[in-house]
K.L.:
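The following block contains the structure, expressed as structure tokens.
As a basis for the values below, the full set of heavy atoms in this structure was taken, side chains included, without hydrogen atoms, waters or symmetry mates.
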Amino acid sequence: MRLRVARTWRHPAALFVVLSLLSGALTIAATPPLRGADENAHFLRAYGIAKGEILTRQYDARGRKGLWLPPSVASDFSYFDAARERAFDAARERAGSADFNYRAVFRAFSVQTRTIAPEPVFKLYGGSEGYSPVSYLPYAAVAGLAKLADLGFLPMLYLMRVAGLLAATALIAYAIAVTPFLRWPFFAVAMLPSAIFARSVVSADGAVLATTLVVLALCLDTAVNGRRGRASRAAWIAVCALSKPSQLVFTLLETMVRRIGWRSLLEAAAVAAPAVVLAVAWWVVAGTDMGAWRMYEADNVPPEQFQVGWKLSYMLAHPLQFPAAMFAGFGDVGELWCQLVGVLGWLDMRLLPACYPVLTGLLSVACIDRLHILPEARARIALVAAATAFAYVVLVFALLFITVTPVPAERVIGTQGRYFIVIVPLLALIAAAFNPFRLPERLQMVAALALALIATMATLEAILRVDWS
């Protein structure tokens, strides 16, 4: 019994649950309200879903989508949203924010008498209006209960963060337990500072990484062991595709489960069809508006440049414009990698400089693995992983080019390194397919655990230094 218990607690999935909940709880406590990336927009979307507004159909006088918040919630939300803007401005002007910290914000919040509007207040979504409810289900459930209990903004927000942390941790632990390979690479990727932070705030990114790892794990398990049914894969692929528009490309992973041929391609298409149909149906019904008003109002650009039909016609008429803008974005590949590892908050909370090479090195060691399967299966898995990673990168740039990039821009606007964390396991999978040797698992475990501990400390240090010092 003691041996079985020891083996259980040495399993990557069990260790991940413990460390994810520990790092997540500390990050939740340290991160001020709405300081997660676009957390204000994601909070509004989750709250709207809790109110039954699955489709966003409320507009202000200028045609911008939003929702009505109760007066008390709107008052506290506005207070901390304004504080978030001040924190961002202070951090942007200098490496630290000596003239601003959240100690003063909370002191003022506890004693200040705020003006509460007598009627509900209309708040703009700011880019989250086009997301499906899938990524927000844990948050919306808590928001609904908080509404019934008449909780204020702060208790609701922190309980929503806890729910998101629990849900994302459970899904990632399930993926680590299911996958026949790359357990420590899954663990290491999910314990990067950017991943810890994403599942500790109200955000779609935690669900995106979690569902992507589940889909990859199920497809690998089926390709190697044949244990997973089509229905479970079809369901999880659909959930993944609905978590964010860019995740639709992960339907390609279904082609790795069997030998490539016409019959197998038809079977893969049948499994992926529900995801494609649901994702396309959502885009048609809900629209593709991602808060483009933020771009054309700020830069005085014609609104039609952010409409899908107009932009696709422009791309056909100027076929070299998008590739040129996409490749221009790769000039900042070093900064994109730092953001993938962890530039937190609103890209204003940088880790200590030494953390980036250290975490990169530990991630590389943890990802050294080998696929002990037949050469034909290794080649097929590597080919599908490479095609999926390439398609994902192109689709992310294409979506940003269509929805938020004006035509005169020389590069795609809005590209952030955290968007690409989901392809790191695919890159590890490609390397493992051609790797002739494998590190001892104990060395992988040590590297992954060291990464998790350093990432947790680096995350907390960045938050405390920028927002609380």
K.L.:
Could you tell me if the side chain of H318 sits less than 4.5 Å from the side chain of V407, heavy atoms only?
P.N.:
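No, side chains not in contact.
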K.L.:
Quick one: closest heavy-atom pair of R161 and T31, and the distance?
P.N.:
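Taking R161 first and T31 second, the nearest heavy atoms are NH1-O, 2.8 Å.
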K.L.:
List, one per line, each side-chain donor-acceptor pair under 3.5 Å for residues 351-362, sequence neighbours excluded.
P.N.:
residue : atom : partner : partner atom : Å
Y356    : OH   : G342    : O            : 2.8
Y356    : OH   : L351    : N            : 3.0
T360    : OG1  : W337    : NE1          : 2.9
T360    : OG1  : Y356    : O            : 2.7

K.L.:
Examine F250 together with Y392 and report whether their ring centres are nearer than 6.0 Å.
P.N.:
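Yes, ring centres under 6.0 Å apart.
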K.L.:
Which pair of heavy atoms, one from A217 and one from P180, lies closest together, and at what distance?
P.N.:
O-CD, 4.3 Å
K.L.:
Give a yes/no verdict on a cation-pi contact between R183 and F186, requiring under 6.0 Å between NZ or CZ and the six-membered ring centre and an angle within 45° of the axis.
P.N.:
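Cation-pi check for R183 and F186: fails.
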K.L.:
Go through it in stages, so that I can follow the logic: the residues are L21 and V17, the test is side-chain contact (heavy atoms from CB on, under 4.5 Å), and I'd like the CA-CA distance, side-chain angles, deciding distance and then a yes or no.
P.N.:
CA-CA 6 Å; L21 294 180; V17 170; 3.9 Å; yes
K.L.:
Within this structure, what is the OG1-NZ distance for the pair T56 and K65, rounded to the nearest 0.5 Å?
P.N.:
3.5 Å
K.L.:
Would you please name every residue forming a side-chain contact (heavy atoms from CB on, under 4.5 Å) with A409, sequence neighbours left out?
P.N.:
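A409 satisfies side-chain contact (heavy atoms from CB on, under 4.5 Å) with T405, P406, I413 once adjacent residues are dropped.
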K.L.:
Just wondering, do I463 and R35 contact through their side chains at under 4.5 Å, heavy atoms?
P.N.:
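Side-chain contact under 4.5 Å: no.
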K.L.:
Report yes if the side chains of M256 and T388 come closer than 4.5 Å at any heavy-atom pair, otherwise no.
P.N.:
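No, every pair of side-chain atoms sits at 4.5 Å or beyond.
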K.L.:
What is the minimum heavy-atom distance between L439 and V365, and which atoms define it?
P.N.:
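What the structure gives for the nearest pair is CD1-O, 3.6 Å.
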K.L.:
Mind checking side-chain contact (heavy atoms from CB on, under 4.5 Å) for I430 and listing every partner two or more places apart, or none if nothing turns up?
P.N.:
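In terms of side-chain contact (heavy atoms from CB on, under 4.5 Å), with neighbours along the sequence ignored, I430 is linked to A385, A386, L427, F434.
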K.L.:
Looking at residues at least two apart in the chain, or sitting in another chain, which of them share a side-chain contact (heavy atoms from CB on, under 4.5 Å) with V393?
P.N.:
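Counting only residues at least two positions away or on another chain, V393 forms a side-chain contact (heavy atoms from CB on, under 4.5 Å) with F330, F397, F420, I423.
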K.L.:
Given side chains that start at C-beta, do those of L154 and F80 come closer than 4.5 Å, heavy atoms only?
P.N.:
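Heavy-atom side-chain distance check passes, below 4.5 Å.
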K.L.:
Taking C-beta and beyond as the side chain, do I402 and F322 meet within less than 4.5 Å on heavy atoms?
P.N.:
no
K.L.:
Which donor-acceptor pairs under 3.5 Å do the side chains of residues 162-170 make with protein atoms, sequence neighbours left out?
P.N.:
residue : atom : partner : partner atom : Å
T169    : OG1  : S20     : OG           : 2.8
T169    : OG1  : L165    : O            : 2.7

K.L.:
List for me each residue that meets side-chain hydrogen bond (donor to acceptor under 3.5 Å, both in side chains) alongside Y102, sequence neighbours excluded, and say none if there are none.
P.N.:
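Once residues adjacent in sequence are excluded, Y102 has no partner under the side-chain hydrogen bond (donor to acceptor under 3.5 Å, both in side chains) criterion.
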K.L.:
To the nearest 0.5 Å, how far apart are CD1 in I381 and OG1 in T255?
P.N.:
10.5 Å
K.L.:
Identify, with sequence neighbours excluded, every residue that meets side-chain hydrogen bond (donor to acceptor under 3.5 Å, both in side chains) alongside D81.
P.N.:
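For D81, the residues satisfying side-chain hydrogen bond (donor to acceptor under 3.5 Å, both in side chains) (neighbours in sequence not counted) are N40, R84.
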K.L.:
Given side-chain contact (heavy atoms from CB on, under 4.5 Å), test F197 with L192 step by step and report yes or no.
P.N.:
CA-CA 9 Å; F197 193 77; L192 287 172; over 6 Å; no
K.L.:
Kindly say whether Q305 contributes a backbone atom to a donor-acceptor pair with the side chain of Q307 at under 3.5 angstrom?
P.N.:
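Judged by distance alone, no pair lies under 3.5 Å.
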K.L.:
Does W468 reach the main-chain N or O of A30 with its side chain, forming a donor-acceptor pair under 3.5 Å?
P.N.:
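At least one qualifying donor-acceptor pair exists.
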K.L.:
Considering non-hydrogen atoms only, spot the tightest contact between C240 and T211 and give its length.
P.N.:
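The answer is CA-OG1, 3.7 Å.
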K.L.:
Could you give me the CA-CA distance, side-chain angles and deciding distance for L449 and L19, then say whether side-chain contact (heavy atoms from CB on, under 4.5 Å) is met?
P.N.:
CA-CA 9 Å; L449 291 177; L19 291 175; 3.7 Å; yes
K.L.:
Got F390 and L252 here, is their nearest side-chain heavy-atom distance under 4.5 Å?
P.N.:
no
K.L.:
Nearest 0.5 angstrom please: Y136 OH to L44 CG, how far?
P.N.:
10.0 Å
K.L.:
Flag the pair L182 / P425 as yes when at least one side-chain heavy-atom distance between them is below 4.5 Å, and no otherwise.
P.N.:
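SC-SC contact between L182 and P425 ruled out.
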K.L.:
Taking only residues two or more places apart in sequence, or in another chain, which ones meet R350 in a side-chain hydrogen bond (donor to acceptor under 3.5 Å, both in side chains)?
P.N.:
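R350: side-chain hydrogen bond (donor to acceptor under 3.5 Å, both in side chains) contacts with E335.
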K.L.:
Which heavy atom of Q444 sits nearest a heavy atom of W184, and at what distance?
P.N.:
CB-CD1, 3.9 Å
K.L.:
Looking at CG of L265 and CZ of R258, how far apart are the two atoms once the value is rounded to the nearest 0.5 Å?
P.N.:
9.0 Å
K.L.:
Sequence neighbours left out, cut at 3.5 Å: what donor-acceptor pairs do the side chains of residues 451-458 make with other protein atoms?
P.N.:
residue : atom : partner : partner atom : Å
T456    : OG1  : A452    : O            : 2.8

K.L.:
Evaluate the side-chain proximity of T179 to L216: yes if any heavy-atom separation is below 4.5 Å, no if none is.
P.N.:
no
K.L.:
State the CG-CG distance between L253 and L218, to the nearest 0.5 angstrom.
P.N.:
10.5 Å
K.L.:
Using the rule given for side-chain contact (heavy atoms from CB on, under 4.5 Å), can you reason through L220 versus L429, listing the C-alpha separation, both sets of side-chain angles and the distance that settles it, and then say yes or no?
P.N.:
CA-CA 10 Å; L220 282 173; L429 184 59; 4.0 Å; yes
K.L.:
Suppose we screen for side-chain contact (heavy atoms from CB on, under 4.5 Å). Which residues come up paired with D60, at least two apart in sequence or across chains?
P.N.:
R62, R64, F122, L124
K.L.:
I need the D467 CG to L464 CG distance, nearest 0.5 Å.
P.N.:
9.0 Å
K.L.:
Which atom pairs, donor and acceptor, lie under 3.5 Å between side-chain atoms of residues 200-210 and protein residues at least two apart or in another chain?
P.N.:
residue : atom : partner : partner atom : Å
S200    : OG   : I196    : O            : 2.7
S203    : OG   : D205    : N            : 3.0
D205    : OD1  : K244    : NZ           : 3.1
D205    : OD2  : R418    : NH1          : 2.2

K.L.:
Given H42, which partner from the list Y47, Y131, Y139, Y125 fulfils the ring pair (Phe, Tyr, Trp, His ring centres under 6.0 Å) test?
P.N.:
Y131
K.L.:
Between W282 and G130, is there a donor-acceptor pair closer than 3.5 Å when you use the side chain of the first and the backbone of the second?
P.N.:
yes
K.L.:
Look at the side chain of E410 and the backbone N and O of A328, then say whether any donor-acceptor pair between them is shorter than 3.5 Å.
P.N.:
no
K.L.:
Taking Q339 for the side chain and G417 for the main chain, is one N or O donor matched with an acceptor at less than 3.5 Å?
P.N.:
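Yes, because the side chain of Q339 sits within donor-acceptor range (under 3.5 Å) of the backbone of G417.
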K.L.:
Heavy-atom count check: over 12 atoms from other residues, nucleotides or ligands less than 6.0 Å from Y59 OH?
P.N.:
yes
K.L.:
Who are the salt bridge (charged side-chain N to carboxylate O under 4.0 Å, His left out) partners of R199, not counting sequence neighbours?
P.N.:
none
K.L.:
May I ask you to decide if D369's main-chain N or O and N435's side chain share a donor-acceptor pair within less than 3.5 Å?
P.N.:
yes
K.L.:
Grab the two heavy atoms, one from Y419 and one from V396, that are nearest each other, plus how far apart they are.
P.N.:
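In terms of heavy atoms, the two residues are closest at CD1-CG1, 4.3 Å.
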